[in-house]
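Every chain is numbered from 1 and lettered A, B, ... according to where its sequence line falls, protein lines coming before strand lines.
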Number of protein chains: 2
Amino acid sequence: MQKKDELLAGSLLFSGLPAEQRSEIAAICVSKRYPKGAAIFFEGEPGIGFYMVASGKVKIFKTSFDGKEQILHIFGPGEPFGEVPVFHGNPFPANAETLAESEVLFFPRAEFVGLITANPSLALNMLAVLAMRLRRFATQIENLTLKEVPGRLASYLHYLMEEQQRQDKVVLDIPKGQLASLLGTSSETLSRIFSKMTEEGLIRVEGKTIFIVDGERLKER
Amino acid sequence: MQKKDELLAGSLLFSGLPAEQRSEIAAICVSKRYPKGAAIFFEGEPGIGFYMVASGKVKIFKTSFDGKEQILHIFGPGEPFGEVPVFHGNPFPANAETLAESEVLFFPRAEFVGLITANPSLALNMLAVLAMRLRRFATQIENLTLKEVPGRLASYLHYLMEEQQRQDKVVLDIPKGQLASLLGTSSETLSRIFSKMTEEGLIRVEGKTIFIVDGERLKER
DNA sequence: TTTGGTTTTTGATCTAGGTCAAAGAAAGTC
DNA sequence: GACTTTCTTTGACCTAGATCAAAAACCAAA
């Protein structure tokens, strides 16, 4: 399967590994398709392996008893998820669900631990992935607790500007309601802040496209 | 140094390693003392190694431009911190400061990476540590965004009950102001919630000692 | 045990943002 | 193209919790 190998080669987790090892890895993983909105796993389930997005988009989230949800991550192609139980035991700490029709690779725990044990650079790659994830969590907590909603939105827009390599505009890759849940607010509030920022001449909103009118002042929110 | 070796043996990170390897590790680390309230590192500094608390207590925190602080972790003896830059490169994502007079071990990056490469079970231990940290972050975000302050306090008290193995009372090991910063609130609000919970017959507060009057109802907050 | 510095508590006030309800827009379906 | 369903916006209202100010309690050192 050519496609799978390319995906693995392009992922941070498996980058820099000799080709033969990547095929060993490709050999132990199973691919599975999910329609949009499908659950991949639930918080509290035992984790017998981890996953990697091959195509599509997956969200990791927590829900409160009264149904509110907080998105922790959104992962795209090449990004692994659900690794925590593999290394720490215990069940999944959160839920995973597709945001679009997706193809997902599954890596069974035992086999993968075997590979890691035999292969220090794979171990270091995985450590790098988890370390980056910790860093992201730290800034997410910072955003959620030390900034108010406009500031969180501003820093998300700046993140998209980096990601999409544009200074003038940016395209939301998720529905606004999901963005609200990622920013820890409600879609109503988010909508109001979009219009306030437009009034203030910071941005201009056209559906999913956000034109950056004043990037400097936007950064200062 | 007998003491150092005992500490390493008791820590999660180095548990299960053969004694000789622990002495190798003990050989590469340097110990340093800090008075209470001393900075160990700042967000944005390059990380040339990581740390482990030998004695005392260390907080990891972020600050906002206007001086508010959010505590991410509080670490005690045997717990490593500041590992993110070791594996992911880039500077420290947050600040570290002692909460009490402390002794801290420092492990230089290059040497430690060498040990990990040569030693799969050390790598797996480190993966377990980071995975546990991710799990904690996930529940911290859940607490901060999906629960209100009384709920966060309740879950912290339950955490202390586990930790201290008591059903009837619990002793705060940090000042209430620091607890407020950990729970993402102000000391004023925290104080008010302590008294409200007392009125409601859930707890009784005597300085740093919290008597658990109704553990069941407390859990439901 | 007095003094000066932290913590902690209490009171009064203010606001960001949540919630509920309903109208409008978009988008996919037959 | 009409229809249903999902997404987004707008309006009205309300509350958790922040902030400011000041008193009280606690603590450590002299």
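- For the pair B:E206 CD and C:dT7 C1', the interatomic distance rounds to 18 Å; values are reported in whole Å.
- Salt bridge B:K169/B:E206: absent, no basic N to carboxylate O contact under 4.0 Å.
- Surrounding NZ of B:K208 are more than 12 heavy atoms belonging to other residues, nucleotides or ligands, all under 6.0 Å away.
- With sequence neighbours left out, B:Q178 forms a side-chain hydrogen bond (donor to acceptor under 3.5 Å, both in side chains) with B:K59.
- Distance B:I174 CD1 to C:dT7 P: 12 Å, rounded to the nearest Å.
- At a threshold of 4.0 angstrom between heavy atoms, the contacts of A:G37 with the nucleic acid are absent.
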Can you list, pair by pair, the side-chain donor-acceptor contacts under 3.5 Å of residues 40-54 of chain A, counting residues two or more places apart and other chains?
residue: A:E43; atom: OE2; partner: A:K62; partner atom: NZ; Å: 3.2

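- Ring geometry, B:F75 versus B:F81: the interplanar angle falls under 30°, so the pair is classed parallel (tilted spans 30 to 60°).
- Salt-bridge annotation for B:R136 and B:E79: present, with a side-chain N of the basic residue lying under 4.0 Å from a carboxylate O of the acidic one.
- Counting to the nearest Å, the C1' atom of D:dT19 and the CG atom of A:L146 are 16 Å from each other.
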N/O to N/O distances under 3.5 Å, protein versus nucleotides 14-17 of chain D:
residue: D:dG17; atom: OP1; partner: B:V149; partner atom: N; Å: 3.0

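- Proximity of the aromatic rings of A:Y156 and A:F194 is defined here by a centroid distance below 6.0 angstrom, and this criterion is not met.
- The OG1 atom of A:T139 sits 11.5 Å away from atom CG of A:L146, with the distance rounded to the nearest 0.5 Å.
- Seen from the ring of B:F211, B:R204 counts as a face-on cation partner, given the 6.0 Å and 45° thresholds.
- Within 6.0 Å of NZ in B:K32 there are 12 or fewer heavy atoms belonging to other residues, nucleotides or ligands.
- At a threshold of 4.0 Å, the pair A:K36-A:E101 does not count as salt-bridged, since none of the basic side-chain nitrogens sits closer than that to a carboxylate oxygen.
- Distances were taken from every side-chain heavy atom of B:S195 (C-beta onward) to each of C:dT10, D:dT8, D:dT9; the shortest belongs to C:dT10.
- Between the side chains of A:S181 and A:Q70, no donor N or O sits under 3.5 Å from an acceptor N or O.
- For B:L190 and D:dA18, the CG to P distance is 10 Å, given to the nearest whole Å.
- Direction of the helix axis in the helix from C:dT1-D:dA30 to C:dC30-D:dG1 shifts by 50° between the two five-pair termini, rounded to 10°.
- Residue B:I210 contributes atom CD1, which lies 11 Å from atom P of C:dT8 at whole-angstrom precision.
- Between A:F194 atom CZ and C:dG17 atom P there is a gap of 15 Å when expressed in whole angstrom units.
- Here A:K208 lies in heavy-atom contact (under 4.0 Å) with sugar-phosphate atoms only.
- Proximity of the aromatic rings of B:H73 and B:F61 is defined here by a centroid distance below 6.0 angstrom, and this criterion is not met.
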| request: Let me have a per-nucleotide readout for nucleotides 22-30 of chain C, 5' to 3', with B, S or -, counting only protein heavy atoms under 4.0 Å. | output: ---------
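- Residue A:K68 contributes atom NZ, which lies 10 Å from atom C1' of C:dG17 at whole-angstrom precision.
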Pick out the pairs of N or O atoms, protein on one side and nucleotides 12-15 of chain C on the other, that lie under 3.5 Å.
residue: C:dA12; atom: N6; partner: B:R192; partner atom: NH2; Å: 3.2

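- Between the P atom of D:dC7 and the CG atom of A:L99 lies a distance of 11 Å, rounded to the nearest Å.
- Side-chain contact check for B:V84 versus B:V86: every heavy-atom pair is 4.5 Å or farther apart.
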